[in-house]
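Here the structure is laid out as structure tokens; the discussion comes afterwards.
All chains are named by letter (A, B, ...) in the order of the sequence lines, taking the proteins before the strands, and each is independently numbered beginning at 1.
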Amino acid sequence: MSQLSGLASPVVIGILMGGLYVTIALGLSLVFGVMKVINVAHGDLVILGSYLAFSAITIWGLNPLLWLVPSLPLFFILGLLIEKYLLNRAARMSADAALIVAFGLALIVQNASQMIWTPQTRALTTSYSMTTFTVGNVYIPLVYLLDFAAALVVMVALRQFLERTYLGQAITAASQDRQTAELMGINPGRVSQIAFGIAMALAATAGIFFGLTFSFNPTSGTALLIIAFGVTILGGLGSMVGTFIGGMIFGLSQTLGGHFLGPTGQLLVPFLMVLVVLTIRPQGLFGR
Amino acid sequence: MSGNVVLRISDIDVFYGNLQALWGVSLEVKSGEMVAIAGANGAGKTTLLKTISGVLHPSKGSIEYRGKEITGLNAFEIVDRGISHVPEGRRLFPDMTVLQNLIIGSYNSKARAARRENLTRVYELFPILEERKNQLAKTLSGGQQQMVAIGRGLMANPGVIIIDEMSLGLSPILVSELFRTLHEIRGRGITILLVEQNVWRTLHEADRAYVIETGRIVLSGNAQDLVEEEEVRNAYFGA
């Protein structure tokens, strides 16, 4: 049989996995839009979300999906504090200073995770971890479906918030023109805080679904940051539709690259896509 | 038509870093007036407006609105007090629709309550904006963008609206139309402070005017008197 006949499986898995990447990338994109800072700690914060869920499972035997409920506000508040006491002060000096602070935060989170949870590889194991559906000749793990469903819910909720509320519109306005936003009565410092808080809640969500899908260790965050970065570059920084399409392209090129080129193609192809897009359309497919 | 002083600027100095941009500038705007600040490019007009709206802060002197000092406040707090700033170059949020641009103008707490009435008024003043309400701001023509910018300023429910270089890049017919609208806005009790490079035009429209040169007020008075003064100058010096 040729390689083409088995294409259904990588296509389906690529799209579903792309959903997970969207959830991971949205927080990075949101923070960049408002603060013009690339939060290099984002991947590690996602993994922190995975670890906290891991503890919730092992200590209280909680279902990771139930853990979403307390972890969203927890991460949101943590985000407010990090923005207020760390990033904001640095950002007032320069964008470079904020980048360095974010890098420091990444190191702290990585090393603290190592101390608390050891360098051992973990996973969020549940009763449905191994559940799969068969559609035609394609096996679809339940967790991949959950990943995609979560991405859709997150996208719709975030979009509703950004488009329909004063605060969401303030975030949108500030990411397009910060100084003019202030002339509208928008406090730019507050908007940055809220945006970072939301990005943290997104990281918590991404962390739980990532942990349900893959195993992780304290250094997994770096790879996630690079993937999230690739996704946002593909779609265009600051564009939500772009991030979604970027996630799909990234997921698909990963699984198709693996299908045609073997394991080495899995990350080679998506990053080649990023390079191609950067060359042809540096602002990303949906960038301004 | 004119009543109490709503905006009083007393002897302010403003710096950009080490560079002084305004020197002892004082001016007053009375309730219901249309006051113009005229002057050449780089004279300090925009700096003055930015200082009033809190984007810049004076190193000396004070700014009072309705008898209360607003000198040290942030820009986002000053909108709340009732001064709305329509910035130079329109500065719309390009990827938001016309309606979203207007609505975000009503962000401050006092304006939210009056949002519906203010939106109706803005659509009365600029009917084209209601037709284009779902269009992205960046796709509008320059004139329509200026209408959105003024409309967005009015959505803040201001007592004073300050407008920077409204006529920049617009056709004379459009400019006349916009000035007619400004008179209508003033007729509704909103005080207007204008900055224009087009001195001649502005003096014909405003009640009073201040002429600013290299950061200092050099002339002020009744706009009509200044027109005559300008005529005399032009006649003798051909400036």
Side-chain angles (χ1 to χ4, degrees), chain A residues 29-30 32-36 84 88 91-94 158-195 232 235-245 281 283-288, chain B residues 46 49-50 52-56 73-97 99-113 115 134 136-139 145 148-158 161-164:
Chain A
S29 178
L30 183 69
F32 180 81
V34 178
M35 299 171 70
K36 308 294 177 240
K84 185 168 184 194
N88 181 37
R92 261 183 283 167
M93 272 185 271
S94 73
L158 190 60
R159 198 180 167 79
Q160 288 296 313
F161 167 72
L162 290 177
E163 298 250 313
R164 305 250 174 263
T165 67
Y166 264 110
L167 194 55
Q169 284 285 284
I171 290 174
T172 310
S175 63
Q176 292 179 26
D177 185 339
R178 202 173 169 88
Q179 198 184 45
T180 306
E182 195 173 347
L183 290 179
M184 305 295 115
I186 295 163
N187 178 345
R190 199 169 105 86
V191 162
S192 290
Q193 258 188 47
I194 304 274
T232 29
L237 276 165
S239 159
M240 211 153 62
V241 178
T243 303
F244 187 76
I245 302 290
R281 222 182 127 74
Q283 73 272 43
L285 296 173
F286 289 81
R288 291 191 278 275
Chain B
T46 296
L49 292 196
K50 282 185 172 172
I52 296 170
S53 60
V55 176
L56 299 170
L73 296 184
N74 290 308
F76 63 85
E77 294 166 314
I78 286 179
V79 197
D80 217 40
R81 300 295 174 98
I83 301 176
S84 178
H85 182 169
V86 180
E88 184 179 3
R90 351 281 191 222
R91 300 284 289 268
L92 299 183
F93 301 108
D95 290 302
M96 287 164 67
T97 65
L99 181 60
Q100 287 173 330
N101 266 280
L102 293 175
I103 297 291
I104 201 68
S106 64
Y107 186 81
N108 78 75
S109 53
K110 284 168 202 149
R112 287 188 200 191
R115 165 174 147 178
N134 293 321
L136 290 184
K138 67 181 173 190
T139 65
Q145 288 192 1
V148 178
I150 296 171
R152 187 179 64 176
L154 290 171
M155 290 297 291
N157 205 34
I161 185 165
I162 59 186
I163 307 178
D164 196 353

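With a 4.5 Å cut-off on side-chain heavy atoms, V79(B) and M184(A) do not count as touching. In this structure, N74(B) and N187(A) have side chains that are not in contact, with every pair of non-hydrogen atoms separated by 4.5 Å or more.
Proximity to chain A is absent for every atom of D80(B), based on heavy atoms less than 4.5 angstrom apart. In this structure, the portion of R152(B) lying under 4.5 Å from any heavy atom of chain A is its side chain and not its backbone. There is no contact between R90(B) and chain A, counting heavy-atom distances below 4.5 Å. Looking at S109(B), neither its backbone nor its side chain comes within 4.5 Å of chain A, counting heavy atoms on both sides.
Closest approach of A173(A) and I104(B) over heavy atoms only: CB-CG1, 4.2 Å. Considering every non-hydrogen atom in both F76(B) and I186(A), the closest pair reads CB-O, 3.4 Å. The two atoms that bring A170(A) and Y107(B) nearest to each other are CB-CE1, 3.6 Å, heavy atoms only.
Separation of atoms OG1 (T172(A)) and CZ (F93(B)) is listed at 10.0 Å; rounding is to 0.5 Å. Here the CD1-CZ distance, from I103(B) to R164(A), works out to 11.5 Å after rounding to the nearest 0.5 Å. Rounding to the nearest 0.5 Å gives a distance of 8.5 Å between CG of L183(A) and CD1 of I162(B). Rounded to the nearest 0.5 angstrom, H85(B) NE2 and E182(A) CD are separated by 12.0 Å. From Q100(B), atom CD reaches atom CD of E163(A) across 5.0 Å, with rounding to the nearest 0.5 Å.
When each of A156(B), P94(B), G153(B), G105(B) is scored by its heavy-atom pairs under 4.5 Å with chain A, the top score falls to P94(B). Top candidate by heavy-atom pairs under 4.5 Å with chain A, chosen from R115(B), E77(B), K138(B), is R115(B).
Counting non-hydrogen atoms of neighbouring residues, nucleotides and ligands closer than 6.0 angstrom, the CZ atom of R178(A) exceeds 12 such neighbours. The local environment of CZ in R281(A) is crowded, with over 12 non-hydrogen atoms from other residues, nucleotides or ligands closer than 6.0 Å. Within 6.0 Å of the NZ atom in K110(B), the count of heavy atoms belonging to other residues, nucleotides or ligands exceeds 12.
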